[in-house]
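Structure, as structure tokens:
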Amino acid sequence: MISAIKGAKDILPAESGKWRRLEAAVRERFRRANYGEIRTPVFEETALFKRGVGESADIVRKEMYAFEDMSGTSIALKPEMTAPVVRAYVEHKLGKSQPLVKAYYLAPMFRQERPQAGRQRQFHQFGSEALGSDAAALDVETIQLAYDLLRDLGLTKLDVKINSLGKPADRAKFVGELRAYLRDREDALSEDSRRRLDVNALRVLDSKDERDQQALDGAPKLADFLDEESRDRFAEVCETLDAVGVPYLVEERLVRGLDYYTETTFEIQSPSVGSQSALCGGGRYDNLVELLGGDPTPGVGFAAGIERILLALENENVAEEKTDKIDAYIVSLEKNPRVAYPVAVELRRAGFVAEFDYLGRSVKAQMREANRLEAERVIFLGGEEAERGEVSVKNMSGGEQTTLPRESLVNHLRETRSA
RNA sequence: GUGAGCGUAGCUCAGGUGGUUAGAGCGCCAGGUUGUGGCCCUGGAGGCCGUGGGUUCAAGUCCCAUCGUUCACCCCA
């Protein structure tokens with residue numbers, strides 16, 4: 001038996017409804033804020049991610065699904081969406097025809113990690129990228145859009161954490177001093193953090209290891225290295241978040257794993273999922289467009305993990321409304337699919353959701369099926385009514401049943417259709 | 001990549017110290033109602049006990065390997 005690739009999951013008909021509802025909510029929110037949908041290919045040149053996301057990020061260092069195509073070009077399934085969006089922005093010179101581009105996406109991503117709760121190898125993200133403005137209001141809009149959406153989906157336990165990474169030069173200065181500080185007490189660090197010291201010293205900050213957090217007491221603070229401009233704009237971000245009623249926590253040790261972030265970064269976490277608690281993460285990336293060959297253009301965006309959101313909704317017992325109901329189930333007393341099928345076609349062509357039995361099952365079984373499908377009504381075909389050219393229609397919630405001429409069935413259903 | 005747990009019916013799981021034809025609940029099918037659901041009752045179908053090897057008179061049960069899966073680390077959505 002061949003099964004799905006490790007870490008890739010089927011979304012079966014029974015569960016795709018909640019995906020469609022979530023996706024519809026996402027599209028609606030972005031529409032209201034005037035974001036246009038962007039769709040990019042599932043694969044890109046591997047070089048795009050190496051350059052855009054950064055060689056030190058794990059997602060490009062060891063987690064990419066990369067392969068060579070027939071021409072020998074290295075291709076990678078996209079592990080994240082910011083680099084592709086920026087690539088498309090530069091390639092199509094979108095900035096030339098309008099100064100500000102606001103785009104959203106909803107797409108599968110691929111990372112070759114060991115699966116666990118809230119983590120898959122193929123997973124789905126939605127998110128936004130806004131290119132062309134360095135306004136703090138745009139940072140806030142990004143955070144607020146993500147936060148409101150999660151709230152509206154029904155999640156109540158959300159922690160918004162924000163921080164500022166400042167400008168690359170300031171951050172580099174800080175990382176230098178942090179590394180020096182930690183080198184002096186390398187013995188006190190966890191093994192992982194000693195490795196991080198070389199690869200990406202910033203990551204020691206958000207280590208889960210007690211020893212690391214202790215060693216960090218008295219370490220240099222990133223905030224002290226920000227220039228005045230960065231400090232002012234971060235203050236403005238905080239004030240504006242207050243103004244639109246988004247609760248947040250300034251988390252000095254919040255660093256993000258992707259190299260392109262500058263200034264504002266944020267994460268929205270949920271205690272309702274496993275240890276992979278980040279439902280959403282994002283921030284500003286003011287140098288990325290230039291890095292990928294465009295004119296210097298500021299940008300800001302976020303990405304949210306759909307599987308994690310669904311997991312959080314499930315764990316918080318958020319009820320989902322059932323929408324895939326049946327208008328009419330056609331029961332054939334003759335137990336012959338041939339009899340019911342033309343009636344189903346007639347109803348379907350008239351716009352109703354109609355179903356019948358294809359298996360020649362007993363009337364009782366057909367009724368059970370109608371009940372299982374939560375059919376609003378059942379239409380009985382055959383018997384005495386058929387001899388008189390009539391059919392019977394039963395309302396499944398109340399149980400009342402009426403008999404009427406076969407020709408007036410569609411009209412009757414239309415007239416008595418419930419809202 | 002590292003560590004730990006778990007693989008028995010479609011699903012969720014029982015199966016002390018190895019010992020006859022491997023069980024339950026739910027689901028599915030049929031009947032109880034010559035043509036009517038939800039509740040109830042009766043019956044039925046459905047199992048290379050993940051795979052391979054080993055120990056033993058005897059393995060679902062013990063040992064080894066392997067694959068899969070889950071959770072955690074790492075990393076991140």
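We name chains A, B, ... by the order of the sequence lines, and we start the count at 1 in each one. Quantities reported herein were computed from a predicted structural model and do not represent experimental measurements.
When both distances must be under 3.5 Å, the Watson-Crick or G-U wobble mate of B/G43 is B/C29. Applying the Watson-Crick and G-U wobble criteria (two distances, each under 3.5 Å), B/G18 pairs with nothing in any strand. When both pairing distances are held under 3.5 Å, B/U66 makes a Watson-Crick or G-U pair with B/G50. Base-pair partner of B/G35: not found among the strands shown (Watson-Crick or G-U wobble, both distances under 3.5 Å). Of all nucleotides present, only B/G3 satisfies the Watson-Crick or G-U wobble test against B/C71, with each distance under 3.5 Å. In this structure B/U55 sits in no base pair that meets the Watson-Crick or G-U test at under 3.5 Å.
Neither side chain, A/Y341 nor A/E346, offers a donor N or O lying under 3.5 Å from an acceptor on the other. When only modelled atom types and interatomic distance are considered, A/N315 and A/S272 share no side-chain donor-acceptor pair under 3.5 Å. With 3.5 Å as the limit, one finds a donor-acceptor pair spanning the side chains of A/S392 and A/E385.
For the P atom pair drawn from B/A24 and B/G47, the interatomic distance equals 15 Å after rounding to whole Å. Spacing between B/U17 and B/C62 at atom C1', rounded to whole Å, works out to 12 Å. Taking atom C1' in both B/G25 and B/A58, the straight-line distance is 32 Å, to the nearest Å. Rounded to whole Å, the C1' atom of B/G38 lies 24 Å from the corresponding atom of B/U34. Rounded to a whole angstrom, the distance from the P atom of B/G43 to that of B/U36 is 23 Å. Taking the P atom of each, B/U61 and B/A22 are spaced 14 Å apart, rounded to whole Å. Across B/G27 and B/U12, the matching P atoms stand 15 Å from one another, rounded to whole Å. B/C71 sits 23 Å from B/G15 when the P atoms are compared, rounded to a whole Å.
At a threshold of 4.0 angstrom between heavy atoms, the contacts of A/Q401 include nucleobase atoms, whether or not backbone atoms are also involved. Within 4.0 Å (heavy atoms only), A/I309 reaches no atom of the nucleic acid at all. Residue A/A370 is out of contact with every strand shown, counting any heavy-atom pair closer than 4.0 Å. The residue A/L279 sits close only to the backbone: its heavy atoms come under 4.0 Å of sugar-phosphate atoms, none of a base. Nucleic acid contact for A/Q112: none, since no nucleic acid atom lies under 4.0 Å from a heavy atom of the residue. Nucleic acid contact class of A/Q269 (heavy atoms, under 4.0 Å, all strands): none. Here A/K6 lies in heavy-atom contact (under 4.0 Å) with sugar-phosphate atoms only. Note on A/S3: nothing from the nucleic acid sits closer than 4.0 angstrom, heavy atoms only. Looking at heavy-atom distances under 4.0 Å, A/R377 makes no contact with the nucleic acid at all. The residue A/G274 sits close only to the backbone: its heavy atoms come under 4.0 Å of sugar-phosphate atoms, none of a base. Within 4.0 Å (heavy atoms only), A/R114 reaches at least one base atom of the nucleic acid. Among the atoms of the strands shown, none is found under 4.0 Å from any heavy atom of A/F302. Counting any heavy atom pair closer than 4.0 Å across all strands shown, A/R61 reaches no nucleic acid atom. Residue contacts for A/G383: at a heavy-atom cut-off of 4.0 Å it reaches a base atom on one of the strands shown.
Looking at which nucleotide of RNA chain B each of A/D206 and A/P115 is closest to, the 5′-most match is held by A/P115. Projected onto RNA chain B by closest heavy-atom contact, A/G382 and A/A365 fall at different nucleotides, the more 5' of which corresponds to A/A365.
Checking B/U36, B/A72, B/C76 against every side-chain atom of A/A117, the shortest atom distance belongs to B/A72. In the set B/C71, B/C74, B/G37, B/C74 carries the atom at the smallest distance from any side-chain atom of A/R196. Which of B/C73, B/C76, B/G37 sits closest to the side chain of A/R111 comes down to B/C76. Ranking B/C74, B/G37, B/G35 by closeness to the A/Q116 side chain, first place goes to B/C74. When the nucleotides B/A77, B/A30, B/U70 are ranked by their closest atom to the side chain of A/R368, B/A30 comes out on top. Minimum atom distance to the side chain of A/D58 is reached by B/C75, of the listed B/A77, B/C75, B/G37.
Look at CG on A/L333: it is 12 Å from P on B/G37, rounded to the nearest Å. The interatomic distance linking A/R121 (CZ) with B/C76 (C1') rounds to 14 Å, in whole Å. A/K364 places its NZ atom 11 Å from the C1' atom of B/G38, with the value rounded to the nearest Å. In this structure, A/D357 atom CG and B/A30 atom P are separated by 9 Å, rounded to whole Å. In this structure, CZ of A/R361 is placed 12 Å from C1' of B/A30, rounded to the nearest angstrom. Atom CD in A/E369 sits roughly 12 Å away from atom C1' in B/C29 (whole-Å rounding). In this structure, CD of A/E384 is placed 11 Å from C1' of B/U34, rounded to the nearest angstrom. One interatomic measurement links the two molecules: CD of A/Q120 to C1' of B/U70, which rounds to 13 Å at whole-angstrom precision.
A cation-pi arrangement, defined by a distance under 6.0 Å to the six-membered ring centre and an angle within 45 degrees of its axis, is present between A/R185 and A/Y181.
Distance check: A/K173 NZ to A/L222 CG gives 12.0 Å after rounding to the nearest 0.5 Å.
Within the structure, every side-chain polar atom (N or O) of A/R119 is placed at least 4.0 Å from both OP1 and OP2 of B/C74. Phosphate proximity of B/C73 to A/K208: present, with a side-chain N or O under 4.0 Å from OP1 or OP2. Taking side-chain N and O atoms only, A/S392 has no distance below 4.0 Å to OP1 or OP2 of B/U36. Side-chain nitrogen and oxygen atoms of A/R195 include none within less than 4.0 Å of the OP1 or OP2 phosphate oxygen of B/C74.
Ion pairing between A/D198 and A/R183 holds under the 4.0 Å rule for side-chain N and carboxylate O. In summary, A/R31 and A/E37 do not engage in a salt bridge, as defined by a charged side-chain N under 4.0 Å from a carboxylate O.
Using cut-offs of 30° and 60° on the angle between ring planes, the pair A/F302 and A/F126 is perpendicular. Classification of the A/F67-A/F43 ring pair by plane angle, with boundaries at 30° and 60°, yields tilted.
Stacking between A/F380 and B/G35 is absent: the ring centroid is not both under 5.5 Å from the six-membered base ring centre and under 30° in plane angle.
Scanning all heavy atoms of the two residues, the minimum distance from A/G301 to A/E129 falls at CA-OE1, 3.5 Å.
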